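Contents: one structure, followed by commentary.
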Amino acid sequence: MGKTNLRVLGQTPLNAEPPCLVELTKHTITPLHLAYARNHSVIKDLASEFDSYTVKIDGEMEGMEEKVLNVKDMIASFPRKVVVAALICAGNRRAKMQEKTGKEVRGIKWSEGTIANARWGGVLLRDILISTGIPEEEEAQKGFHVCFASNVAPCQDDTSYGGSIPLEEVMDKDGAAMLAYEMNDAPLTPDHGFPLRVVVPGYFGMRWVKWVDRITISRNESPNFYQQRDYKMLPECVSSPEEATQENWWGRTPSMQRLNCNSVVAHIQCLTLACPDQKTLKVAGYAYSHCPISRVEISADGGETWHEVRITYQEGNWSWSLWEGELVIDIDVDDLEWASHGQRNGRPKTKITVISRAFDQSGNAQDTECRWNLRGVGFCGVGVGSIEV
């Protein structure tokens, strides 16, 4: 990796996130040094293999042609597509789930920084698959999956890394699933999948397979560990991996795919320092879903009243949304003095907690009562931030 400002939670394999949400949300497009690192294997530098790097495309769909594409030939042969999309770890906010529920979760205790809004350049998977003979009619695509695999390095729980999404999602004319070779108008770096990675806008990051070298059209989901026995929101009754295996909860629980609606409070600033009994707070944060965010609201009274905020940035269909707003808070100074037993130690202070919730253009609302699950994935409880004033 190059220059990084990340907080390292695991060295081998490297797993790290930006420590400061204020700094992260200063940027509409996440700079590389603030883009989180999530790995299940060592990072391979394949620069010396670029000229010979290939992707094999095969499958069991009738009429399709097996192909082996050289990455340089692919870049030269297919139109370049650019899309802004947020890459988000399924474990984003895992530590918050544990904090809120008081129950231990299995996995890296990510805070709220495993999100990177980037500009991706590459070749549409739809174009590549059409060239192999995959039909464009939606009816013919139903029941099939696109399985991505990286055989570059063995992983912690499998000999390779893999994942899959439904074929009709890849073939959607309005979609932008791609094989990307650029991030933020520059070639991918090794830690972000050079020379080629999958980008699936609107989907959780574990489906964005790095160092992809095989794509298979199948009637079944990917058999890989990370599709079948991980990244699933197991029911609350499942308290151990052994229980999930013995009672076949892995098989009974659907794989996580599309992003859920979510919001995070990144920063609270008090704008009125002199007035003791009324405070104006500036609150900022981010939100995301599998489609554009339509509205974000904040509350300083535990959700009894909500106030809509301004969305200050949103680009296309799959970027994150940055937001900010102001709240005017009335403070009973006499109550503060009574709580301090009448003793003023300077000016009395009180803690104000602000929560957030988001809504998207498909009509989905943030599931603010998001329940605990063993792996701590998909947490979307209210965004929470506090300040002493």
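Since we're looking at a predicted model, the values are computed, not measured.
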(message) Checking S294 now: which residues fulfil side-chain hydrogen bond (donor to acceptor under 3.5 Å, both in side chains) with it, not counting sequence neighbours?
(response)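 Partners of S294 by the side-chain hydrogen bond (donor to acceptor under 3.5 Å, both in side chains) criterion come out as none, since no residue qualifies.
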Using side-chain heavy atoms (C-beta onward) and a distance below 4.5 Å, is [X] in contact with [Y]?
| X | Y | answer |
| --- | --- | --- |
| M61 | M64 | yes |
| Q257 | H290 | no |
| W320 | I293 | no |

(request) Give a yes or no on whether the ring-centroid distance for W120 and W318 is below 6.0 angstrom. (result)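 For W120 and W318, the ring centres are not under 6.0 Å apart.
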Would you check if there is a donor-acceptor pair between the side chains of [Y] and [X] at a distance under 3.5 Å?
| X | Y | answer |
| --- | --- | --- |
| D158 | S160 | no |
| S263 | S356 | yes |
| N373 | K232 | no |
| R229 | T245 | yes |
| S319 | N117 | no |
| T272 | Q278 | no |
| T189 | D191 | yes |
| S218 | E60 | yes |
| R119 | N184 | no |
| D73 | S77 | no |

(request) Check each of N364, D360, N260 against S289 using the side-chain hydrogen bond (donor to acceptor under 3.5 Å, both in side chains) test, and report the only one that passes. (result) D360
(message) As a quick check of understanding, evaluate ring pair (Phe, Tyr, Trp, His ring centres under 6.0 Å) for F194 and F50, giving each step before the final call.
(response) CA-CA 9 Å; F194 177 87; F50 177 72; 5.7 Å; yes
(request) Would you confirm whether E65, through its side chain, and T132, through its main-chain N or O, come within 3.5 Å as a donor-acceptor pair? (result)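 Not a single qualifying donor-acceptor pair exists.
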(message) I'd like to know if the side chain of R310 and the backbone of G325 have a donor-acceptor N/O pair within less than 3.5 Å.
(response) no
(message) Quick check for you: to the nearest 0.5 Å, what is the distance between Q361 atom CD and Q314 atom CD?
(response)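 Reported to 0.5 Å precision, the distance equals 6.5 Å.
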(message) Under 6.0 Å from the ring centre and within 45 degrees of the ring axis: does the NZ or CZ of R295 meet both conditions for the six-membered ring of F359?
(response)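 Judged by the rule, R295 and F359 form a cation-pi pair.
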In terms of hydrophobic clustering (I, L, V, M, F, W, Y; side-chain heavy atoms under 4.5 Å; direct or indirect links), are [X] and [Y] co-clustered?
| X | Y | result |
| --- | --- | --- |
| Y226 | L234 | no |
| I75 | W211 | yes |
| L327 | W306 | no |

(request) Using a strict cut-off of less than 4.0 Å between a Lys/Arg side-chain nitrogen and an Asp/Glu carboxylate oxygen, indicate whether R214 and D58 qualify as a salt bridge. (result)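 Yes, charged N to carboxylate O under 4.0 Å.
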(message) Closer than 4.0 angstrom, basic N to acidic O: yes or no for E388 and K351?
(response)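 Between K351 and E388 there is no salt bridge, as every charged N stays at least 4.0 Å from the carboxylate O atoms.
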